[in-house]
Engineer: 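Here it is, the structure in full.
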Amino acid sequence: MIFLFMSIFARFFQPGWTGVNERTFIAVKPDGVQRKLVGEIVRRFEKKGFKLVGFKLEQVPEDLLREHYWDLRNKPFFSSLIRYMSSGPVVAMVWQGLDVVKTARKMLGETNPADSLPGTIRGDFCVEVGKNVIHGSDSVESAQKEISLWFRQSELHHWESSSRNWIY
Ligand code: IDP
Ligand code: MG
């Protein structure tokens, strides 16, 4: 009974996800999709031990992209960034796990691929800052905002991973 109540509560009231329930928003950008990097990127997050809770391929409307990158609206590259992000389908994902926001940013590497260490996604698979293959939320607060911007509640899946007790 208590579990039923908790799962209904979690579904409708979406508490601040913390600890092993922390979530982040990851997107494979149009260049990453075109360059067939989706599988490799998903593989890295799966193998690390994170849990996939949302996944879709989408041609993203410009309105959503402008909202997503609202903080960068005054940057000189803003309009080319919106053009780049709408130049083809994007794979939008939500990953869950302990410290997933910070860890995912480390797995991505620096914004500029030239500053990204080998072994990171940007360090391994791209060259230019304007075609840097992947997005990842930069804080728990932005993750929560971005997830609710990109995903409906019904697109986020509640499932128990059978390897959970081998990871935590
Ligand atoms: P982040 O993606 O590492 O969080 P942000 O500074 O939030 O980096 O910038 C968002 C995106 O805008 C970058 O991933 C990149 O695609 C693009 N961008 C950032 N700086 C530049 C630039 O100097 N020239 C062109 N594009 C840029
Ligand atoms: Mg950012």
Side-chain angles (χ1 to χ4, degrees), residues 14 16-19 21-153 155-156:
Q14 202 182 1
W17 300 101
T18 53
N21 292 325
E22 185 173 300
R23 289 176 170 187
T24 195
F25 173 68
I26 298 292
V28 183
K29 296 177 177 183
D31 51 334
V33 174
Q34 291 286 352
R35 296 184 48 214
K36 319 286 191 292
L37 294 171
V38 175
E40 170 67 26
I41 288 167
V42 169
R43 190 187 67 88
R44 289 185 178 208
F45 281 87
E46 280 187 327
K47 285 199 152 181
K48 174 71 179 167
F50 292 132
K51 182 165 92 169
L52 184 62
V53 296
F55 185 99
K56 59 185 176 183
L57 177 73
E58 195 178 29
Q59 176 70 49
V60 189
E62 286 194 16
D63 300 359
L64 189 149
L65 292 169
R66 279 201 201 88
E67 201 170 334
H68 174 79
Y69 282 127
W70 183 247
D71 293 347
L72 301 175
R73 65 193 177 282
N74 295 321
K75 298 279 184 195
F77 57 83
F78 185 70
S79 55
S80 67
L81 173 61
I82 302 302
R83 235 178 299 125
Y84 159 50
M85 289 296 291
S86 53
S87 64
V90 161
V91 169
M93 300 181 272
V94 178
W95 288 92
Q96 183 173 313
L98 186 64
D99 287 324
V100 68
V101 172
K102 188 174 81 182
T103 307
R105 290 285 293 193
K106 285 197 181 146
M107 290 165 70
L108 263 59
E110 300 299 317
T111 305
N112 188 340
D115 298 329
S116 303
L117 291 174
T120 65
I121 293 165
R122 286 164 172 170
D124 286 348
F125 301 120
C126 54
V127 176
E128 253 194 37
V129 68
K131 293 245 163 49
N132 62 356
V133 163
I134 188 164
H135 166 83
S137 309
D138 62 8
S139 67
V140 171
E141 296 71 48
S142 354
Q144 286 170 357
K145 264 193 241 158
E146 291 171 0
I147 291 167
S148 58
L149 180 65
W150 287 72
F151 282 88
R152 288 192 295 273
Q153 258 317 99
E155 294 176 310
L156 301 173

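Ligands are counted one by one from 1 in listed order, and the atoms in each one are counted from 1 as well.
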Engineer: Between Phe77, Tyr69, Phe78, flag the one that comes closest to atom 21 (C) of ligand 1 by a heavy atom.
Structural biologist: Phe77
Engineer: Considering heavy atoms of the protein only, find what lies nearest to atom 2 (O) of ligand 1 and give residue, atom and distance to 0.1 Å.
Structural biologist: Arg122 NH2, 3.2 Å
Engineer: Do His135 and ligand 1 have an N or O pair less than 3.5 Å apart?
Structural biologist: no
Engineer: Report yes or no: does a heavy atom of His68 sit under 4.0 Å from some atom of ligand 1?
Structural biologist: no
Engineer: Asp99 vs Thr103, test: side chain to side chain donor-acceptor pair (under 3.5 Å). Steps then yes/no.
Structural biologist: CA-CA 6 Å; Asp99 287 324; Thr103 307; 5.7 Å; no
Engineer: May I ask whether Glu128 places a heavy atom under 4.0 Å from ligand 1?
Structural biologist: no
Engineer: Measure the distance from atom 16 (O) of ligand 1 to every protein heavy atom, then report the residue, atom name and distance (to 0.1 Å) of the closest one.
Structural biologist: Lys29 NZ, 3.0 Å
Engineer: Has Gln144 got a side-chain atom pairing as donor or acceptor with Glu141's backbone, closer than 3.5 angstrom?
Structural biologist: no
Engineer: Can you tell me if Arg43 has over 12 outside heavy atoms packed within less than 6.0 Å of its CZ?
Structural biologist: yes
Engineer: Could you tell me whether some N/O pair between Arg105 and ligand 1 is separated by less than 3.5 angstrom?
Structural biologist: yes
Engineer: I would like to know whether Glu146 and Ser137 meet side chain to side chain donor-acceptor pair (under 3.5 Å); could you show each step before the answer?
Structural biologist: CA-CA 7 Å; Glu146 291 171 0; Ser137 309; 2.7 Å; yes
Engineer: Within the structure provided, determine whether Trp95 and Phe25 are in side-chain contact (heavy-atom separation under 4.5 Å).
Structural biologist: no
Engineer: Report yes if Tyr84 has an N/O atom closer than 3.5 Å to an N/O atom of ligand 1; otherwise report no.
Structural biologist: no
Engineer: Under 4.0 Å, heavy-atom basis, I'd like to know which part of Met85 is in contact with ligand 1: side chain, backbone, both or neither.
Structural biologist: neither
Engineer: Quick check: do Met93 and Leu52 have side-chain heavy atoms less than 4.5 Å from each other?
Structural biologist: yes
Engineer: Quick check: does any side chain N or O of Asn132 sit under 3.5 Å from a backbone N or O of Thr111, one acting as donor and the other as acceptor?
Structural biologist: yes
Engineer: Is it the case that the side chain of Lys56 and the backbone of Gly54 share a donor-acceptor pair, with hydrogens and angles ignored and the cut-off at 3.5 Å?
Structural biologist: no
Engineer: Quick one: does ligand 1 sit under 4.0 Å from the side chain of Glu110, the backbone, both or neither, non-hydrogen atoms only?
Structural biologist: neither
Engineer: For the residue pair His68 and Trp150, categorise the inter-ring angle as parallel (less than 30°), tilted (30 to 60°) or perpendicular (more than 60°).
Structural biologist: perpendicular
Engineer: May I ask you to check if ligand 1 and Asn132 share an N or O to N or O distance below 3.5 Å?
Structural biologist: yes
Engineer: Counting heavy atoms only, name the option from Asn112, Asp31, Thr111, Asp71 that's nearest to atom 6 (O) of ligand 1.
Structural biologist: Thr111
Engineer: In terms of residue, atom name and distance, what is the protein heavy atom nearest to atom 7 (O) of ligand 1?
Structural biologist: Leu72 CD1, 4.0 Å
